[in-house]
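Data first, discussion second: the structure below is written as structure tokens.
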There are 4 protein chains.
Amino acid sequence: MATVTRTGTAQRNAPRPRADAVRNRERIVAAAREMFVEFGPEVPLDEIARRAGVGNATLYRHFPDRDELIRHVVVSVMSRTTDRADAATAEEADPFDALRRFVHAAADERIGALCPMLADGFDKEHPELLAERARLEHAVDGLMERARQAGRLRDDVAVGDLMVALSQLTRPLPGSACVNFDQFVHRHLQLFLDGLEAPARSVLPGSPATLEDLRRES
Amino acid sequence: MATVTRTGTAQRNAPRPRADAVRNRERIVAAAREMFVEFGPEVPLDEIARRAGVGNATLYRHFPDRDELIRHVVVSVMSRTTDRADAATAEEADPFDALRRFVHAAADERIGALCPMLADGFDKEHPELLAERARLEHAVDGLMERARQAGRLRDDVAVGDLMVALSQLTRPLPGSACVNFDQFVHRHLQLFLDGLEAPARSVLPGSPATLEDLRRES
Amino acid sequence: MATVTRTGTAQRNAPRPRADAVRNRERIVAAAREMFVEFGPEVPLDEIARRAGVGNATLYRHFPDRDELIRHVVVSVMSRTTDRADAATAEEADPFDALRRFVHAAADERIGALCPMLADGFDKEHPELLAERARLEHAVDGLMERARQAGRLRDDVAVGDLMVALSQLTRPLPGSACVNFDQFVHRHLQLFLDGLEAPARSVLPGSPATLEDLRRES
Amino acid sequence: MATVTRTGTAQRNAPRPRADAVRNRERIVAAAREMFVEFGPEVPLDEIARRAGVGNATLYRHFPDRDELIRHVVVSVMSRTTDRADAATAEEADPFDALRRFVHAAADERIGALCPMLADGFDKEHPELLAERARLEHAVDGLMERARQAGRLRDDVAVGDLMVALSQLTRPLPGSACVNFDQFVHRHLQLFLDGLEAPARSVLPGSPATLEDLRRES
DNA sequence: TATGAATGAGTATTCATTCAT
DNA sequence: AATGAATGAATACTCATTCAT
């Protein structure tokens, strides 16, 4: 039955979610992202629930199993990373500076936390994921293309090369073994970016990779 | 009771181990390295024993707990990596070529498998580990110093920078999620090496890191 | 405060229930009976609520716990079965035909669903249940007595024998494992009825049982 | 590697199982059968392990999941029931007496415990099960055929009719709600047998059923 | 020494029941 | 009165480690 909300929008079968439920959901996702980064994707869900300040069953109500939760975190991180790419594109005059800014920003968004989530049973074909990945790929591709057009980015690299190296270099160590690890990470990223700059200083083996190439059957 | 070995050395309470025991130990370490790389350090020990072709209790006889086994694998990988560094030093005329060769060789030795082993309860102060780490650090430092002397390596990087980035870039994805992942890795390493080359194309944040800096308390 | 209903009866503290509440209650009982038959009495109450088209908390408002709900379903099935017995008595000229008709009718009323409800913590002494059981026993006893008087029913069986065998033979298989199971059931009932017919073809062990005998302490 | 045992038999890859393991396995199966009969197939496995006097993980070593355990119990009950059928055939002169004896013996073997095991996710196509079922069907079919040949069994029933009714009539009540339930059961079986005897006292609906007809798609 | 078996402690997940809207 | 959400108390199942052969 259609109802009319205060804003005048007609809705079907989607009653406004309760405020506390929305708050819980957000708290769970936030806690999950933090703990995936800190302890890896095997972290006990009960601990995530505890950090989120909810009962374990509440977590399961929102995310029926671990994969569901992981997927939501992945998509959320991807989305925020894409936003950073767009911001860098919009706000930086120099195209290679834009790329640099994006790379460091992605590290701050904990994009490295995505790596362990690409594991085994994870459904890489989920529509929601595919959509978000396309959006991310498009944004980063734009950044790279502009830098390439300006003659600042070497020709033999593609978006997959950047994103995978970026994820790996920022990937968290299990148990946050090293306190000031973040400091190092930004050094590594800077070095990698220097390697990306044109003119190329060496010949790369293999061929440029898109995100598509990262699927198992590639 | 002292026994005399073939080499003439007198030993106490350490009879020459049975040949099959030695073989078992080696098979266990080899299986563990493979499976840590493929599935991460959480892989069930029973599975390692199975791949090694021994009973689980045999594994426990040789390595009383998981940490012990991890440590042996770590030390073994470090040792082989050091050997590769020495070989590169000895056999490559150009110092930066030697560095390149070492980096790719270390990847082939699965040095990335070391990362997850730096986790949580791992005893980073174990004498055996410290000794092996010193040996590795010394060898890599030598490689870098020679390249720096030749004006081929930028001044603002140290052995810790190289080793951590190297480990991270070659770190295996859980569940070997991507078939031709190795191919990518060598591209990333090459790009990183290009970034290491002198003259420096940017200013790095922070300061050069030794392996020592990677300890928790640093 | 007393209120006066349409029928003129004075009632205390029991205002006429809202029409939708009555409808909900009936839908819950109907859904419960179906699902108890199909999946057994362990079926999640949330599922029953879902099939009834109400929220789970509504179910709990009407039936504070599972036993309460089970009891209502049991009583309702018993009541409908008694009605069938009365109808058979009234409408069939031949007394054994009446018995046959009742047995098959009881199967259609899913009397077999009663069996699993006799379990564990179920309160077999609840007044409502006792009353309904007495009514059922009286009706079936009447049917049997008439058949016996006519020399059509063997002498060595009582109402308990019939009702238990009837419940067991029509008891649903868990998960409705077999599609055309109902077809079989009516064959079995027919065979059992043939065995009830006089003259007795064998000597039965034990002694005739009333419904009373089915209580735990008997 | 082939080894020669004391009995001179050559064996491959099948070392003699340890005596204690065999004992444990048997204890588990026995406990499971008892508890399935008493509480139904949903009984907690930990409780079965407890009654068997072993740790829960020992149960899981022998039977990886609940279905595996259920299957073993089912097969074991079927097997013992078949043995009873063979014994009845061999030792009773009168064919209908043999059938009677078998029916009561099957009840004593708790054949009713099989009913709840035919539920939902149970793999009815498992080779071991099919083999045992064939053996049982053959034995019971022989019993019935002999009785039919002697003119003692009505023509319009088949092995499926007997086995299903037998299972249902002996099916345990949940929670062993009724102490002397067994006594009743044998009365019901006797009545049912009287109904099976020739000449038929009524016309049965449907058609004779084999065990094959009990599969879902039938 | 080598090994299959045993086990307790841990984690994921479900569900009856209560709470807040 | 009706409901979606929250929760703790189960239960299935896994795995590191110890035990018995």
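Below, read A as the first sequence line, B as the second, and so on, with proteins coming before strands; counting in each chain starts at 1.
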Could you check how far [atom1] of [X] sits from [atom2] of [N], rounded to whole Å?
{"X": "Met35(A)", "N": "dT11(E)", "atom1": "CE", "atom2": "P", "answer": "11 Å"}
{"X": "Arg27(A)", "N": "dA5(F)", "atom1": "CZ", "atom2": "P", "answer": "16 Å"}
{"X": "Ile70(D)", "N": "dA12(F)", "atom1": "CD1", "atom2": "C1'", "answer": "13 Å"}
{"X": "Glu47(C)", "N": "dT14(E)", "atom1": "CD", "atom2": "P", "answer": "12 Å"}
{"X": "Leu59(B)", "N": "dA5(E)", "atom1": "CG", "atom2": "P", "answer": "17 Å"}
{"X": "Arg23(A)", "N": "dG4(F)", "atom1": "CZ", "atom2": "P", "answer": "19 Å"}
{"X": "Ile28(C)", "N": "dA1(F)", "atom1": "CD1", "atom2": "P", "answer": "13 Å"}
{"X": "Phe63(A)", "N": "dA5(F)", "atom1": "CZ", "atom2": "C1'", "answer": "14 Å"}

Atom CZ in Arg33(A), atom CG in Leu114(A): separation rounded to 0.5 Å?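 Going from CZ on Arg33(A) over to CG on Leu114(A), the span is 11.0 Å.
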
With rounding to the nearest 0.5 Å, note down the distance linking NE2 in His62(B) to CG in Asn24(B).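 Those atoms lie 5.0 Å apart.
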
Can you name the closest pair of heavy atoms from Val37(C) and Pro172(C) and give their distance?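 Where Val37(C) meets Pro172(C) most closely, the heavy atoms are O-CB, 3.0 Å.
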
Where each residue is assigned the nucleotide of DNA chain F containing its nearest heavy atom, which of His62(C) and Gly55(A) is assigned the position nearer the 5′ end?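 Nearest-nucleotide comparison on DNA chain F picks His62(C).
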
Earlier contact from the 5' end, DNA chain E, for Gly53(D) and Asn24(B):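 That would be Asn24(B).
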
Show, in sequence, the C-alpha distance, side-chain angles and deciding distance for Val22(A) and Glu26(A), and conclude whether the side-chain contact (heavy atoms from CB on, under 4.5 Å) test is met. CA-CA 6 Å; Val22(A) 172; Glu26(A) 281 163 2; 3.7 Å; yes

Would you mind listing every salt bridge (Lys or Arg N to Asp or Glu O under 4.0 Å) that reaches into residues 47-56 of chain D, with sequence neighbours excluded?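 Found Glu34(D)-Arg51(D), Glu38(D)-Arg51(D), Glu47(D)-Arg50(D).
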
Nucleic acid footprint by protein, nucleotides 15-21 of chain F - heavy-atom cut-off 4.0 Å, B for base, S for sugar-phosphate alone: BSBBBB-

With a 4.0 Å limit, can you tell me whether Thr58(A) has a side-chain N or O closer than that to the phosphate oxygens OP1/OP2 of dT7(F)?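 So the side-chain polar atoms of Thr58(A) do come within 4.0 Å of the phosphate oxygens OP1 or OP2 of dT7(F), strictly under.
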
CA sep, side-chain torsions, deciding dist, call: Val77(C), Arg110(C), side-chain contact (heavy atoms from CB on, under 4.5 Å): CA-CA 7 Å; Val77(C) 169; Arg110(C) 304 293 175 198; 5.6 Å; no

Any side-chain heavy atom of Asn56(D) within less than 4.5 Å of one from Leu59(D)?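 Side chain of Asn56(D) against side chain of Leu59(D), heavy atoms only: no contact under 4.5 Å found.
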
Can you give each donor-acceptor pair under 3.5 Å made by side-chain atoms of residues 64-76 of chain D, sequence neighbours left out, with the distance rounded to 0.1 Å?
{"residue": "Asp65(D)", "atom": "OD1", "partner": "Asp67(D)", "partner atom": "N", "Å": "3.3"}
{"residue": "Asp65(D)", "atom": "OD1", "partner": "Glu68(D)", "partner atom": "N", "Å": "3.0"}
{"residue": "Arg66(D)", "atom": "NH1", "partner": "Pro41(D)", "partner atom": "O", "Å": "2.5"}
{"residue": "Arg66(D)", "atom": "NH1", "partner": "Val43(D)", "partner atom": "O", "Å": "3.0"}
{"residue": "Arg66(D)", "atom": "NH2", "partner": "Val43(D)", "partner atom": "O", "Å": "3.0"}
{"residue": "Glu68(D)", "atom": "OE1", "partner": "Arg71(D)", "partner atom": "NH2", "Å": "3.2"}
{"residue": "Arg71(D)", "atom": "NH1", "partner": "His126(D)", "partner atom": "NE2", "Å": "3.0"}
{"residue": "Arg71(D)", "atom": "NH1", "partner": "Glu128(D)", "partner atom": "OE1", "Å": "3.3"}

DNA chain F: stems of at least 3 consecutive Watson-Crick or G-U pairs whose donor-acceptor distances fall under 3.5 Å: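 Stems found: E:2-21 with F:2-21.
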
If the condition is side-chain contact (heavy atoms from CB on, under 4.5 Å), which residues does Asp20(D) pass it with, not counting sequence neighbours?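 Expected list: Arg18(D), Arg23(D).
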
